[in-house]
Amino acid sequence: MTRRRQRRTLKPLPGGRVEYKGRSFINFCSNDYLGLAQDERIVQALKEAADEYGVGSGASQLITGYSEAHEQLEQQLADFTGYDRALFFSNGYMANLGVITALADRHTSLYLDRLAHASLIDATRLSRARYQRYAHNSVADLMARLADDQQQRRLVVSEGVFSMEGDRAPLIDIAQCCQQQKALFYLDDAHGFGVLGEQGRGSRSAQGLDTDAVPLQMATFGKALGVSGAFVAGSHELIETILQRSRTLTYSTAPPPALARATATALTIVIAEQWRRDKLEALVQYWRRVAHEQELPLLESDTAIQPLLIGADADALAVSESLMEHGLLVSAIRPPTVPEGEARLRITLTSAHEQADIDRLVQALAASL
Ligand SMILES: *Cc1c(COP(=O)(O)O)cnc(C)c1O
C-alpha cells in the first residue's frame, strides 16, 4: 500500500488556531508548545537584528558566517543548561547528523531506543557505526546489550520525551547504566527543552540529573521556543570535537544572525514566563481527565504530546477528516513514522489553547470514534 502524504497550505492565527481554505481551525498538531511562534517580542527582536545584520550569514560558521549574535546565544545556552559550552546548528536534524557522525565511526557501537526519531536513525546510518536498537525505554535490555559488547567506544542515544508517544525516558536509569558501562550518553531533548524542568531546562533537570550524568544533549528551537535552529551542549572537549568534525556545521551556511537574536529573546521569555508551562500542564491534566471519562484510547503520557491509538491507517485518517469538519486539526500519524498497525492521532496541546478548545475536541472525538 502506498501512503501518499500531502501538505496543507496554512496561515497562523492567534489562540492556537490556523486558517485553512478560508476557515479557522483549532490546531492540535503544532509543537509550538508555549505559544511563542508568533510572539510580538520575538518578532521585534528578529526585525531589529535584521536591520543590524541583514538576512544571510554569507558563509559557514567556520569561514565568516559566525557573528556576535551567534556567540552570545551559545553563551546564554551554556549558562542556562549548565554545560561548559553550546554549539548552534541550523536545525535539530542537522545537529543530530553532525553530532553522531562526529562521535561515532565504524569502530563505535551505538545503541538507540527502538522508537528513536528518524534524524537519529539517519545519523547513525551515516556514521557507519555498528548499531543496535533496544526495546523502548527498557534499561534492562540496554544493560544486557552493553554488557555483552566488548567494543571500546560506545554511544547510547535516547530522547527525553518521545515524539510519537509523549512518554518520557527513564533518564536516571539510563545515565547510571551508561556510567557503569562507560558508554557516552547523548540525549535528544527536542520535546522536553523549554517545557519540562526548572525554568524549562528540560528532561535532564526534570529528573534531577546533573550534567555529568548526561554529558551531551541537544534540543531544537523549532518546538517550545517557537523559532528555528538547534543546539548541542556538553564539555569543552566534546563540543570542540564536534565543532572540528561536524560536517553539517562545516559544510553548510550558518543560520542568519537575526535568527540567533530572535532565539535569544525566545529563550529569555521561556525562562521568565513560568505561567506558560503551568498553563500547559493544567491543560494536559484537564484533557486526560475528560478524555478518560469518554474512554478515549489514551497512551501513557503526561506531556504535551497526547496520542490516541487507533490502529488501522484508514481509521486514523477517517477520524482526522471527521475532526476537520468540526473545525479541529489533528494529524493522523501512520507507518513508517510509527510501527505497523499503530496508526494514531497525534494530539499536541499548547499554552495557547483554552479548556473550551479541549471540550470541543473531546466532544468531536466522542462523536467520531
Ligand atoms: C523535531 C525533532 C528533531 C529535529 O529537529 P528540527 O529542528 O525540527 O530539525 C530531532 N529529534 C527529535 C526527537 C525531534 O522530535
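- The side-chain heavy atoms of L345 and L365, taken from C-beta on, include a pair separated by under 4.5 Å.
- A distance-only check finds no donor-acceptor pair linking the side chain of T250 to the backbone of R247 [under 3.5 Å].
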With side-chain contact (heavy atoms from CB on, under 4.5 Å) as the test, would you mind laying out the steps for V18 and L13 before giving the verdict? CA-CA 5 Å; V18 287; L13 296 174; 5.6 Å; no
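- Although no hydrogens or angles enter the test, the distance criterion places no donor-acceptor pair under 3.5 Å between the side chain of D188 and the main chain of E159.
- Closest heavy-atom contact between L103 and L184: CD1-CD2, 4.0 Å.
- With H70 contributing its side chain and P255 its backbone, the two residues share a donor-acceptor pair below 3.5 Å.
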Run Y134 and M143 through side-chain contact (heavy atoms from CB on, under 4.5 Å) and show every step you take. CA-CA 9 Å; Y134 60 92; M143 188 61 146; over 6 Å; no
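- Looking at heavy atoms from C-beta onward, I239 lies out of side-chain contact with S235 at the 4.5 angstrom threshold.
- In this structure, the side chain of R114 does not engage the main chain of S138 through any donor-acceptor pair within 3.5 Å.
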Could you list the donor-acceptor pairs under 3.5 angstrom formed between side-chain atoms of residues 219-229 and any protein atom two or more places apart in sequence or on another chain?
| unit_1 | atom_1 | unit_2 | atom_2 | d |
| --- | --- | --- | --- | --- |
| T220 | OG1 | G222 | N | 2.8 |
| T220 | OG1 | G229 | O | 3.2 |

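- Contact of the Q181 side chain with the R154 side chain is registered, since non-hydrogen atoms from C-beta on lie closer than 4.5 Å.
- Ring pair Y93/H117: centre-to-centre distance not below 6.0 Å.
- With a 4.5 Å cut-off on side-chain heavy atoms, L110 and I100 count as touching.
- Of the residues listed (F80, F193, Y83), the one engaging F231 in a ring pair (Phe, Tyr, Trp, His ring centres under 6.0 Å) is F193, and it is the only one.
- Without hydrogens or angle criteria, R17 side chain to G15 main chain gives a donor-acceptor distance under 3.5 Å.
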Between L249 and L243, does a side-chain contact (heavy atoms from CB on, under 4.5 Å) hold up when you go through it step by step? CA-CA 7 Å; L249 206 119; L243 176 63; 3.4 Å; yes
Could you check E342 against M164 for side-chain contact (heavy atoms from CB on, under 4.5 Å), going step by step and ending with a plain yes or no? CA-CA 11 Å; E342 293 188 17; M164 295 300 142; over 6 Å; no
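- By the criterion of side-chain heavy atoms lying less than 4.5 angstrom apart, applied directly or through intervening Ile, Leu, Val, Met, Phe, Trp or Tyr residues, I347 is grouped together with I305 in one hydrophobic cluster.
- Residue E237 qualifies as open at atom CD: its count of foreign heavy atoms under 6.0 Å is 12 or below.
- I26 and M324 fall into different hydrophobic clusters, where Ile, Leu, Val, Met, Phe, Trp and Tyr are joined by side-chain heavy atoms under 4.5 Å apart, directly or via other members.
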Throw together a table of side-chain donor-acceptor distances under 3.5 angstrom for residues 28-36, partners on residues two or more places apart or in other chains.
| unit_1 | atom_1 | unit_2 | atom_2 | d |
| --- | --- | --- | --- | --- |
| S30 | OG | D32 | N | 2.9 |
| N31 | OD1 | Y33 | OH | 3.3 |
| N31 | OD1 | R346 | NH1 | 3.2 |
| N31 | OD1 | R346 | NH2 | 3.2 |
| D32 | OD1 | L36 | N | 2.9 |
| D32 | OD1 | A37 | N | 3.2 |
| D32 | OD2 | A37 | N | 3.2 |
| Y33 | OH | H191 | ND1 | 2.7 |

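- At a threshold of 4.5 Å between non-hydrogen side-chain atoms, the residues L155 and V157 count as touching.
- Residues Q294 and V362 have side chains in contact (heavy-atom distance under 4.5 Å, counting atoms from C-beta outward).
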